[in-house]
Amino acid sequence: MLLLLISCFSFILLSKSLSSKHQHHHRERRLFPPWDEAFTTTFMTSWFQKGTLQIFTSTTPLKKLKPKAKNLVWSSSTENQKEDHNKTTPSPSLLDLPELVLDCILDRLQPAELCAMSGVCSSLRERCVSDDVWEKRMKGKWGKVIGDAAYREWQWYIALKNRSNLLNNQRNQSNFSFESVAKIWPFLSWFNIKPRAEKELKNGGLAVDSIMAWYLALETGRFSFPAQVYNRENGHAGFLLSCYDAKLSYDSKTDTFQARYSPHGRRTTEENISWDRLRAPPVDTCSYDLHISDSLFELKPGDHIEIQWRRNREFPYGWWYGVVDHMESCNGNENHCRCQDTDTVMLEFKQYPSSSRWRKTMINRENHREVGNEGDGFYGGIRKLYNQQEISMWQSLWPNQVLE
């Protein structure tokens with residue numbers, strides 16, 4: 001009997017303890033801030049039920065436990081709080097990302113994707129059209145063929161455009177539209193960017209002198225830029241191992257270029273020119289002007305050179321590849337060679353046979369100027385090639401057979 005009383009008394013104390021704990025935690029739950037109430041309610045419910053079940057599992061099977069009506073009401077209230085919390089919490093935005101993460105995302109986008117992204121909102125547009133974003137893409141695709149001459153041409157183009165805009169009461173701040181870009185990248189129309197983008201362009205959203213504007217001008221072929229073409233006229237025998245100035249425009253459909261050469265000569269245009277036949281001009285010298293050589297006294301047998309040559313004085317110069325040879329009085333022995341100490345330099349063009357009049361020529365180190373005649377053509381300034389990449393490029397263009 002005593003044992004039964006002790007057991008009942010212990011059970012009553014335990015029940016009161018659990019009841020007081022339940023009320024205490026219920027009061028504490030109200031102390032949490034409103035924005036975390038759903039999380040707190042869920043956590044406390046789970047903790048309390050778990051603790052209760054652990055106490056009774058030793059005496060009562062779990063399947064026989066029946067939830068009280070109060071617990072059902074509490075559970076329903078918790079679910080409603082969860083739903084209200086989800087409704088009031090805004091979904092994350094791309095602009096909520098850290099600056100570094102967002103910059104990394106933009107850095108991995110293709111130019112067409114950047115154009116599409118710029119139509120999403122004003123904040124993203126400001127980032128997507130910035131020079132910092134487009135400078136890397138400009139150098140990556142166009143750096144090999146764009147030089148100082150092309151940059152000056154672009155500045156003149158901008159000046160003329162600004163003058164035209166001024167005369168037209170600034171009706172158009174740029175001659176680019178996303179319609180022209182969509183012709184290159186048809187999927188741009190999926191993003192519905194044209195109305196907003198063109199409106200911003202008219203309001204000066206894309207500066208005509210921005211790098212993005214320059215990139216799009218090149219990509220659409222609207223801006224023709226000066227560069228040089230190896231083996232003009234598709235490798236015609238008369239121009240092998242030469243490089244001539246031309247005005248180039250890009251065709252995005254074929255990923256090739258069209259060249260317009262000087263009006264003098266047999267042809268003035270050429271199409272379907274691949275990227276590997278182009279280069280930016282290595283020196284800032286007009287094709288009709290004599291290049292002032294600064295390496296004549298350094299030249300010695302075995303050096304690789306480029307030299308200006310033209311058919312007659314009405315034609316522009318082209319750059320031709322050659323090497324420095326030993327003088328006729330030298331036996332070619334390196335230990336006894338004194339060719340570098342002479343006043344003249346022997347140049348050799350090994351693509352021509354030994355009997356050709358264009359195989360060799362001599363120039364004066366001391367008083368170098370244009371030399372030649374109407375029969376053999378005229379030789380101008382000389383560039384010594386120090387860069388192995390330039391030398392390898394010329395050697396890759398070497399003809400399969402000796403020219404006649």
Side-chain angles (χ1 to χ4, degrees), residues 145 147-150 152 226-233 235-248 259-268 270 277-325 343-352 356-387 389-391 393-395 397-399 403:
V145 297
D148 294 338
R152 286 196 303 269
Q228 292 181 346
V229 181
Y230 291 102
N231 291 358
R232 62 176 284 185
E233 298 187 23
H236 187 277
F239 295 99
L240 286 178
L241 293 184
S242 69
C243 198
Y244 275 80
D245 287 11
K247 226 24 175 342
L248 298 169
R260 297 194 307 273
Y261 299 106
S262 168
H264 299 286
R266 302 184 313 173
R267 296 179 59 183
T268 58
E270 182 182 355
R277 290 180 53 203
L278 303 180
R279 75 174 183 182
V283 294
D284 194 15
T285 303
C286 175
S287 59
Y288 286 91
D289 296 338
L290 178 70
H291 174 66
I292 305 303
S293 305
D294 58 359
S295 58
L296 291 176
F297 291 95
E298 300 177 12
L299 295 178
K300 62 184 183 300
D303 286 345
H304 300 263
I305 58 97
E306 293 178 12
I307 186 170
Q308 290 177 309
W309 183 86
R310 57 182 173 181
R311 189 63 152 169
N312 58 56
R313 286 191 168 95
E314 294 181 356
F315 283 25
Y317 285 113
W319 289 96
W320 293 74
Y321 173 72
V323 294
V324 179
D325 193 18
D343 293 335
T344 56
V345 180
M346 178 70 74
L347 304 179
E348 184 175 20
F349 305 93
K350 295 182 179 180
Q351 63 268 37
Y352 296 103
S356 173
R357 57 183 174 177
W358 292 302
R359 174 72 181 221
K360 292 185 178 183
T361 190
M362 289 191 300
I363 61 170
N364 191 295
R365 297 180 194 263
E366 295 285 347
N367 188 23
H368 178 60
R369 59 182 183 275
E370 184 183 64
V371 295
N373 53 62
E374 295 292 337
D376 298 335
F378 296 88
Y379 296 89
I382 296 177
R383 287 185 62 232
K384 180 180 177 179
L385 301 181
Y386 300 93
N387 191 335
Q389 187 176 0
E390 283 188 290
I391 298 173
M393 181 62 195
W394 281 112
Q395 292 176 342
L397 300 171
W398 198 268
L403 304 177

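Values below: all heavy atoms of this structure, side chains included; hydrogens, waters and symmetry mates excluded.
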Inspect the surroundings of CD in Glu374 and state if more than 12 heavy atoms from other residues, nucleotides or ligands are less than 6.0 Å away.
yes

Between NZ on residue Lys300 and CG on residue Asp325, distance to nearest 0.5 Å:
14.0 Å

Please table the atom pairs, donor to acceptor, closer than 3.5 Å between any side-chain atom in residues 239-246 and protein atoms at least two apart or in another chain.
unit_1, atom_1, unit_2, atom_2, d
Ser242, OG, Phe239, O, 2.5
Asp245, OD1, Gln228, NE2, 2.8

So, taking the atom named CD in Glu270 and the one named CG in Leu248, what distance separates them when rounded to the nearest 0.5 Å?
9.5 Å

Step by step, would you call Tyr386 with Ser295 a side chain to side chain donor-acceptor pair (under 3.5 Å)?
CA-CA 11 Å; Tyr386 300 93; Ser295 58; 4.6 Å; no

Report the relative orientation of the aromatic rings in His304 and Tyr321; use parallel for angles under 30°, tilted for 30 to 60°, perpendicular for over 60°.
parallel

Taking atom CD of Glu370 and atom NE2 of His291, what is their separation to the nearest 0.5 Å?
14.5 Å

More than 12 heavy atoms from other groups under 6.0 Å of CE on Met362
no

Residue pair Ile363, Leu296: steps toward the side chain to side chain contact (heavy atoms under 4.5 Å, CB included) verdict
CA-CA 9 Å; Ile363 61 170; Leu296 291 176; 3.9 Å; yes

Above 12 or not: heavy atoms from other molecules or residues under 6.0 Å from CZ of Arg369?
no

Value for OH (Tyr379) from CH2 (Trp358), rounded to nearest 0.5 Å, stands at 8.5 Å

List in chain and number order the residues that pass ring pair (Phe, Tyr, Trp, His ring centres under 6.0 Å) with Tyr230, two or more places apart in sequence or in another chain; answer none if no residue qualifies.
Trp394

If you round to the nearest 0.5 Å, how far is NZ of Lys384 from CD of Glu306?
14.0 Å

Looking only at side-chain N and O atoms, does Tyr317 offer a donor or acceptor that is under 3.5 Å from a partner on Thr285?
no

Pairs touching residues 282-297 that satisfy salt bridge (Lys or Arg N to Asp or Glu O under 4.0 Å), sequence neighbours left out:
Arg152-Asp284

